[in-house]
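Below, chain A is the first sequence line, B the second, and so on; all start at residue 1. As the structure is a prediction and not an experimental result, all values here were calculated from the model.
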Amino acid sequence: MEIFNTLTGRKETFRPREPGKVGIYVCGPTTYNFIHLGNARALVVFDTIRRYFLYRGYQVSYVQNFTDVDDKIINRARAEGMDPAVLAARYVDEYFVDADALNVRRADVHPKASNHIPEIIELIQTLVDRELAYEAGGDVYFAVRKFTDYGKLSKRSVDDLRAGARVEVGEQKHDPLDFALWKAAKPGEPRWDSPWGPGRPGWHIECSAMAQKYLGVGFDIHGGGADLIFPHHENEIAQSEGATGRPFARYWVHNGFVTIREEKMSKSLGNVSLMRELTRIHPGAALRLFLLSNHYRSPLDFNQESMDAGVRSLERLKTSINLVREALESRRVRENTPDDAGGLAAALDQLRTRFEAAMDDDFNTALAQAVLFDLAGEVNGYLHHSERPNRGVLQKVLDLFTVFNNVLGIFPEREGWLVLEAESLGGELSHRLLDLLIAVRQDARRRKDFATADRIRDGLRELGVTLEDTAESVRWKKTGHQWPEGNGRSTT
RNA sequence: GGCGGCGUAGCCAAGUGGCUAAGGCGACGGUCUGCAAAACCGUUAUUCGGCGGUUCAAUUCCGCCCGCCGCCUCCA
């Protein structure tokens, strides 16, 4: 397995700290709002990486924190007249709603800064004892210039950084480059007792403390968005390696940004896309497919065209899986016919090899997706050309879809069965009405009253239900339109 | 200014020092269909931003130029 390591700037063969085991720490969101598309990309990328290690048989320890003590939380809580802890807890809950929509699995541990104050204080104390940190007016700062390796991750020299560094009002840094490990509490702010007086941890220190606690020193993979390289991860390295004298993490993995219509997504541009909005409009599976549609280190542009293409390509996968399922249930399937498509079974082995090669090469999910589409193409062709498809080979196809999906996580899985979508029309009555309309239309078709038949089909299409006539039955599927509860009609 | 990335068909997007430059979306033609839809078959980059260089051979390596983007401040 080859992984691009930000620390060395190149792809390296992955060698775990302990054979058969891999420890991964990913920086999770600061819980002051719903997560946005950029957060979602990081989540999905690292969830997929984790899944691939599991596929490869590793025992994975996957840790993703929540930053629940932070200026942004305090400010927002103040603005809303809420207790910061309550606000943070609320958005932790909301995080899971969005993560679930993207089929992102729970981490093995989801540590929160607020639950690790003693560990944080202990780590700061170690840094103070080693004279890499100093107290000033109730704050504690890390002395960047005393850590000689500073800048090794972001490839910056301390002198380059000097120009950009600034000192906020009220800070008492000895050097503008220094950063806060501990912030003295101002009136009305959350506070914990410490050897330096009441206060709260700075942003970077929590990750050092929690990663070390759950994964130990020198764990395998530390991940996050590329914007965390500097200063967050650089500072984590300084703190952790300063305190232990040993390498903090072995492979640093960073995902690229999401842009929106070619612009960086940011608050100031007002173009932040919250997942809560997006999942209302698009199926989670389509969003996940889109998020994995290019290499994780490249920028990914979100726009209507790309998303539409994602939705349609998802349809292709669903259709194929459904065709296989239908065939397996149909009368034409045979137990003992030879694999008469000229080697579908052999093709499956090749596809699996290609899939692994793609993922082995720095988690090339775009290539891995192509394998999924090739699988769809292979089996569609087989079903089209074979009068008597072989049950065994079709089952293998379904199994392979499941194996691939287990890594890419596009469709949720329930008891080994891929859930392609919630085929819900919003109630039992709707389903019965639809069945009735389809039956009436079938009668019309038998009478060759195609005007009526087409009127029903066209009308349903406008309502977001597409009918497909097959030799044996009529299929329907939901397309496009969403029907939010209670609020009437919404056009996407 | 410092650091880093990108430029492949109408769009999205993999990729490689030389065998037919993946895959998806779209478009076009055909099969199927009452007509559709879906599916299938076929077509859709003699060419990989431009100019040089290295090489028997470059889209792939190097240099320069043009264009785009990100980080250097909180940010996935």
*asked:* Of the options B:rG34, B:rC74, B:rC41, whose atoms approach the side-chain atoms of A:P231 most closely?
replied: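 So the side chain of A:P231 is nearest to B:rC74.
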
*Shortest side-chain distance from A:R156, nucleotide among B:rC72, B:rA13, B:rA39*: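 Nearest nucleotide to the side chain: B:rC72.
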
What's [X] touching, base or sugar-phosphate or nothing? Going by heavy atoms closer than 4.0 Å.
{"X": "A:G225", "value": "sugar-phosphate"}
{"X": "A:L467", "value": "base"}
{"X": "A:D454", "value": "base"}
{"X": "A:N380", "value": "sugar-phosphate"}
{"X": "A:H232", "value": "nothing"}
{"X": "A:K448", "value": "nothing"}

Please measure how far the [atom1] atom in [N] lies from the corresponding atom in [M], and state the result in whole Å.
{"N": "B:rU33", "M": "B:rU44", "atom1": "C1'", "value": "26 Å"}
{"N": "B:rG70", "M": "B:rG30", "atom1": "P", "value": "46 Å"}
{"N": "B:rG42", "M": "B:rC51", "atom1": "P", "value": "35 Å"}
{"N": "B:rC48", "M": "B:rG18", "atom1": "P", "value": "16 Å"}
{"N": "B:rU46", "M": "B:rU8", "atom1": "C1'", "value": "15 Å"}
{"N": "B:rA45", "M": "B:rU54", "atom1": "C1'", "value": "27 Å"}
{"N": "B:rG26", "M": "B:rC19", "atom1": "C1'", "value": "30 Å"}
{"N": "B:rU73", "M": "B:rC61", "atom1": "C1'", "value": "38 Å"}

*Let me have a per-nucleotide readout for nucleotides 20-29 of chain B, 5' to 3', with B, S or -, counting only protein heavy atoms under 4.0 Å.*
--BSSSS---

Any strand counts, and the cut-off is 3.5 Å on both contacts for Watson-Crick or G-U wobble. Which nucleotide pairs with [N]?
{"N": "B:rG29", "answer": "B:rC41"}
{"N": "B:rA22", "answer": "none"}
{"N": "B:rU73", "answer": "none"}
{"N": "B:rG17", "answer": "none"}
{"N": "B:rG63", "answer": "B:rC51"}

[X] [atom1] - [N] [atom2] separation (whole Å):
{"X": "A:I321", "N": "B:rA39", "atom1": "CD1", "atom2": "C1'", "value": "15 Å"}
{"X": "A:M307", "N": "B:rA13", "atom1": "CE", "atom2": "P", "value": "14 Å"}
{"X": "A:H222", "N": "B:rA76", "atom1": "NE2", "atom2": "C1'", "value": "12 Å"}
{"X": "A:I73", "N": "B:rC74", "atom1": "CD1", "atom2": "C1'", "value": "13 Å"}
{"X": "A:L177", "N": "B:rC72", "atom1": "CG", "atom2": "P", "value": "15 Å"}
{"X": "A:F230", "N": "B:rA76", "atom1": "CZ", "atom2": "P", "value": "16 Å"}
{"X": "A:H254", "N": "B:rG5", "atom1": "NE2", "atom2": "P", "value": "15 Å"}
{"X": "A:L383", "N": "B:rA38", "atom1": "CG", "atom2": "P", "value": "17 Å"}

Inspect the contact between [Y] and [X] and indicate whether a charged nitrogen and a carboxylate oxygen are less than 4.0 angstrom apart.
{"X": "A:R288", "Y": "A:D47", "value": "yes"}
{"X": "A:R447", "Y": "A:D449", "value": "yes"}
{"X": "A:R461", "Y": "A:D458", "value": "no"}
{"X": "A:D71", "Y": "A:R76", "value": "no"}

*Classify the side chain of A:D227 and the base of B:rC72 as holding, or not holding, a donor-acceptor pair under 3.5 Å.*
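Under the 3.5 Å cut-off, the side chain and the base do not form any donor-acceptor pair.
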
*Answer with yes or no whether A:R457 presents, from its side chain, a donor or acceptor under 3.5 Å of a partner atom in the base of B:rA36.*
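Indeed there is one.
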
*asked:* Below 4.0 angstrom, which residues in residues 436-447 of chain A have at least one non-hydrogen atom near RNA chain B?
replied: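 Of all residues in residues 436-447 of chain A, the ones placing a heavy atom under 4.0 Å from RNA chain B are A:R441, A:R445.
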
_Does A:R445 qualify as a cation-pi partner of A:F450, given the criterion of NZ or CZ under 6.0 Å from the six-membered ring centre and within 45 degrees of its axis?_
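Not flagged: A:R445 not positioned over aromatic ring of A:F450.
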
*Row check, A:F4 ring normal vs A:R297 NZ/CZ: under 6.0 Å, within 45°*: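 Pair A:R297/A:F4 counts as cation-pi.
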
*asked:* For A:G28 and A:E315, find the nucleotide of RNA chain B closest to each by heavy atoms; which residue's nucleotide sits nearer the 5' end?
replied: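 Closest to the 5' end, via its nearest nucleotide, is A:E315.
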
*Taking for each residue the nucleotide of RNA chain B with the nearest heavy atom, is it A:T259 or A:T30 whose nucleotide lies nearer the 5' end?*
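By nearest-heavy-atom nucleotide position, the 5'-most residue is A:T259.
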
_Can you pull out every side chain to side chain donor-acceptor pair (under 3.5 Å) where at least one residue sits in residues 325-334 of chain A? Sequence neighbours excluded, please._
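Checked against side chain to side chain donor-acceptor pair (under 3.5 Å) - neighbours excluded - the pairs reaching residues 325-334 of chain A are A:E326-A:R475.
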
*Can you list every side chain to side chain donor-acceptor pair (under 3.5 Å) pair that touches residues 365-378 of chain A, not counting sequence neighbours?*
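Sorted result for residues 365-378 of chain A: A:R354-A:D374.
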
*Determine which pairs satisfy ring-ring contact (aromatic ring centres under 6.0 Å, His included) with at least one residue from residues 287-328 of chain A, sequence neighbours left out, and list them in order.*
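For residues 287-328 of chain A: A:F290-A:F302.
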
*asked:* B:rG15, OP1 or OP2 - any side-chain N/O from A:N364 closer than 4.0 Å?
replied: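 For B:rG15, OP1 or OP2 has a side-chain N or O of A:N364 closer than 4.0 Å.
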
*Are A:H222 and A:F248 close enough that their ring centers fall under 6.0 Å?*
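That pair passes the under 6.0 Å test.
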
*Can you name the side chain to side chain donor-acceptor pair (under 3.5 Å) partners of A:K11, sequence neighbours left out?*
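Listed in chain order: A:D361.
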
*Give me the ring orientation class for A:H233 and A:W252: parallel if the planes are under 30° apart, tilted from 30 to 60°, perpendicular past 60°.*
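Rings of A:H233 and A:W252: tilted, as their planes differ by 30° to 60°.
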
